[in-house]
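Notes follow once the structure below has been shown.
All values reported here derive from a predicted model rather than from experimental measurement.
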Amino acid sequence: MAFDSPDVQNYARGLEGVIAAISAISAIDGQEGKLVYRGIDIESLAEHSTFEETTYLLMFGDLPTRDELANFTMDLKEKRDVPHEIIDILEKLPHDAHPMDILKTAISALGTFDPDKDSDTRGSRIRKAIRIIAQVPTIVAYTHRISEGLEIIPPSKKFSHAKNFLYMVSGEEPNERDAKIFDIALILHADHGLNASTFSSLVTISTLSDIYSAITSAVGTLKGPLHGGANERVLDMLAEIGTPDNVENYIKEAVEKKKKIMGFGHRVYRAYDPRARILRKYAEMLATERNERSCCEMANRIEAVMKELFEEKGIFPNVDFYSGVVYRWFGIPKRLFTPVFAIGRVSGWVSHVLEYLQANRIFRPRAIYNGPIDVEYIPIEERS
Ligand code: CMC
């Protein structure tokens with residue numbers, strides 16, 4: 001008998017090194033610590049682009065003309081409102097539920113209200129994608145306000161994607177500089193090759209399911225602490241450490257106990273994550289400006305201890321190490337850090353989904369079966 005016993009040598013635990021798709025969206029040079037979107041260096045995009053423009057680039061392959069960008073930006077602004085039934089759902093869900101669980105539920109529900117829900121043309125998929133990108137920040141901000149017992153603040157068409165989100169969370173118009181830094185953080189999170197959540201969105205869409213289902217899968221995947229959930233855990237760790245003097249003992253003890261240090265390590269990078277480098281710069285700048293450097297000092301010491309322990313192994317800070325340290329300054333509470341990751345990454349998810357559908361094939365890997373065979377069925381009355 002030949003049950004699933006494929007070539008053991010082909011087994012790649014966690015699909016490490018497996019090529020599962022062909023994509024022109026983003027690429028990582030893990031040795032050099034480089035990341036490009038559609039060939040453009042992430043540093044250049046962070047410096048010159050906007051989240052709206054980067055999203056257009058990821059989705060359609062080229063930088064937009066002035067008119068294309070204006071239309072795309074307007075389209076995103078006009079699609080920000082969510083149906084009132086979604087607000088009802090947000091209000092009914094437990095107010096202490098994690099915002100990622102609420103986001104997952106809300107995106108799934110949104111699909112049932114989409115005016116294009118019965119259409120599966122490329123045009124309708126793009127419209128759905130833009131609605132999802134536009135509405136994720138609204139859902140996250142509403143979730144926060146509702147959980148705090150505050151009035152929700154409807155989106156404002158006056159503001160950019162990034163600025164509008166900060167405004168919907170706090171009710172105050174952020175200054176241009178802070179909105180710009182937050183916009184950069186969204187750009188940095190927008191795509192990252194075939195990461196776990198993007199892959200799960202592709203697995204779902206590969207069955208020719210709908211884009212809302214694909215994004216729901218992605219949100220559920222991003223939530224885990226080994227992926228997007230790490231940013232929230234970094235702040236927990238900093239709180240546990242308490243002061244810079246405690247760093248060395250804390251990290252060494254944790255490593256000795258084989259605990260993973262959140263915000264460090266990556267499947268692909270063996271160098272400093274370029275996104276972490278950019279966020280670090282802003283974390284430092286904001287902390288110095290506000291004269292509250294304790295978090296940054298702890299982070300610097302953690303980096304130094306981790307370098308001593310792990311430099312040879314190629315374990316460096318990843319994007320999640322500094323993102324929360326930056327978000328705190330904008331009044332974004334810790335529980336929103338991973339949803340904020342989703343606000344950025346949703347651009348990458350929909351881009352990969354749209355791309356994959358152009359040459360779709362269902363994902364169907366195999367497992368090495370290591371269970372028993374030829375086991376006899378024992379009737380229930382004869383079982384001990
Ligand atoms: N702290 C301590 N040791 C680590 C860490 C870490 N953060 N990351 C990896 N290692 C060690 C690990 O213990 C293992 O050691 P050994 O070879 O002795 O068994 C070795 O490095 C390889 O680790 P791995 O877990 O097999 O690597 P992976 O590629 O399967 O996992 C990872 C990658 C990101 C899940 C992992 O590095 C990790 O758990 N990091 C902490 C969580 C985190 O920060 N996640 C965010 C990732 S970046 C943003 C994103 O894409 O979501």
- For the pair Thr204 (side chain) and Ser200 (backbone), establish whether a donor and an acceptor sit closer than 3.5 Å, ignoring hydrogens and angles. yes
- Item | Check ion pair Lys257-Glu253 (N to O, under 4.0 angstrom) | yes
- Between Asp88 and Lys92, is the closest basic N to carboxylate O distance under 4.0 Å? no
- Message: Between Tyr369 and Pro372 (side chain of the first, backbone of the second, donor and acceptor by atom type, cut-off under 3.5 Å), is there such a pair?
- Response: yes
- Message: If hydrophobic clusters are built from ILVMFWY residues whose side chains come within less than 4.5 Å, do Val375 and Ile373 share one?
- Response: no
- Could you tell me whether the side chain of Ser44 and the main chain of Ile40 form a donor-acceptor pair under 3.5 Å? no
- Item | Nearest atoms (heavy-atom pairs only) where Met168 meets Ala141 | CB-CB, 3.5 Å
- Verify whether one side chain among Ser197 and Thr221 offers a donor that lies under 3.5 Å from an acceptor in the other. no
- Would you check if the side chain of Arg80 reaches a backbone N or O of Ser156 as a donor-acceptor pair within less than 3.5 Å? yes
- When you measure from the side chain of Thr138 to the backbone N and O of Asp81, does any donor-acceptor pair fall under 3.5 Å? no
- Arg270 (side chain) donor-acceptor with Gln31 (main chain) under 3.5 angstrom: no
- Using a distance-only test with no angle check, is there a side-chain donor-acceptor pair under 3.5 angstrom linking Ser119 and Ser124? yes
- Message: Do the side chains of Lys252 and Glu248 get close enough for a salt bridge, i.e. N-O under 4.0 angstrom?
- Response: yes
- Closest non-hydrogen atom pair, Pro99 against Pro339: CB-CG, 3.8 Å
- Item | Polar side chain donor-acceptor pair, Arg280 to Asn300, under 3.5 angstrom | yes
- Query: Got a salt bridge between Lys163 and Asp178, using NZ or NE/NH1/NH2 to carboxylate O under 4.0 Å?
  - Reply: no
- Main-chain N/O of Lys79 paired with Gln135 side-chain donor or acceptor, under 3.5 Å: yes
- Check: Thr288 side chain, Glu284 main-chain N or O, donor-acceptor pair, under 3.5 Å: yes
- Item | Residue pair Ala129 / Ile211: nearest heavy atoms and the distance that separates them | CB-CD1, 4.0 Å
- Could you pull out the closest heavy-atom pair between His192 and Asn195, with the gap in Å? O-ND2, 3.2 Å
- Message: Within the 4.5 Å heavy-atom criterion, are Leu90 and Ile152 side-chain neighbours or not?
- Response: no
- Task: Assess whether side-chain contact (heavy atoms from CB on, under 4.5 Å) is satisfied between Thr65 and Leu69, documenting all intermediate values.
- Result: CA-CA 6 Å; Thr65 62; Leu69 182 58; over 6 Å; no
- Does the pair Arg233/Glu240 count as a salt bridge with the N-to-O cut at 4.0 Å? no
- Task: Over 60° means perpendicular and under 30° means parallel, so classify the ring planes of Phe182 and Phe165, tilted if in between.
- Result: parallel
- Give a yes or no answer on whether the side chain of Asn318 reaches the backbone of His266 with a donor-acceptor pair at less than 3.5 Å. no
- Contacts satisfying salt bridge (Lys or Arg N to Asp or Glu O under 4.0 Å) that involve residues 123-138 (not counting sequence neighbours) are Asp114-Arg131, Asp116-Arg127, Asp116-Arg131, Asp120-Arg125
- Item | Aromatic plane relationship, Phe363 with Tyr356 - under 30° parallel, 30 to 60° tilted, over 60° perpendicular | parallel
- Task: Decide whether Tyr269 and Glu32 meet the rule of one side-chain donor and one side-chain acceptor closer than 3.5 Å.
- Result: no
- Query: Nearest heavy-atom pair of Ala218 and Ser201: which atoms, and what distance?
  - Reply: CB-CB, 4.0 Å
- Task: For Phe337 and Asn231, work out which heavy atoms get closest and say how close.
- Result: O-ND2, 3.1 Å
- Hey, is Glu43 close enough to Arg277 for a salt bridge, meaning N to O under 4.0 Å? no
- Query: Using 30° and 60° as the class limits, which term best fits the ring planes of His161 and Phe51: parallel, tilted or perpendicular?
  - Reply: parallel
- Item | Any side-chain donor near an acceptor of the partner, Ser23 and Glu355, under 3.5 Å | yes
- Pair His227, Asp320: side-chain N/O donor-acceptor within cut-off below 3.5 Å: no
- Flag for Ser206-Arg361: side-chain donor and acceptor within less than 3.5 Å: no
- Derivation and outcome, ring-ring contact (aromatic ring centres under 6.0 Å, His included), residues Phe321 and Phe264: CA-CA 7 Å; Phe321 192 55; Phe264 279 81; 4.7 Å; yes
- Is Tyr37 reaching over with its side chain to a backbone N or O of Ile187, donor-acceptor style, under 3.5 angstrom? yes
- Six-ring centre of Tyr377, Arg383 cation under 6.0 angstrom, axis tolerance 45°: yes
- Item | Salt bridge flag under 4.0 Å for residues Glu232 and Lys223 | no
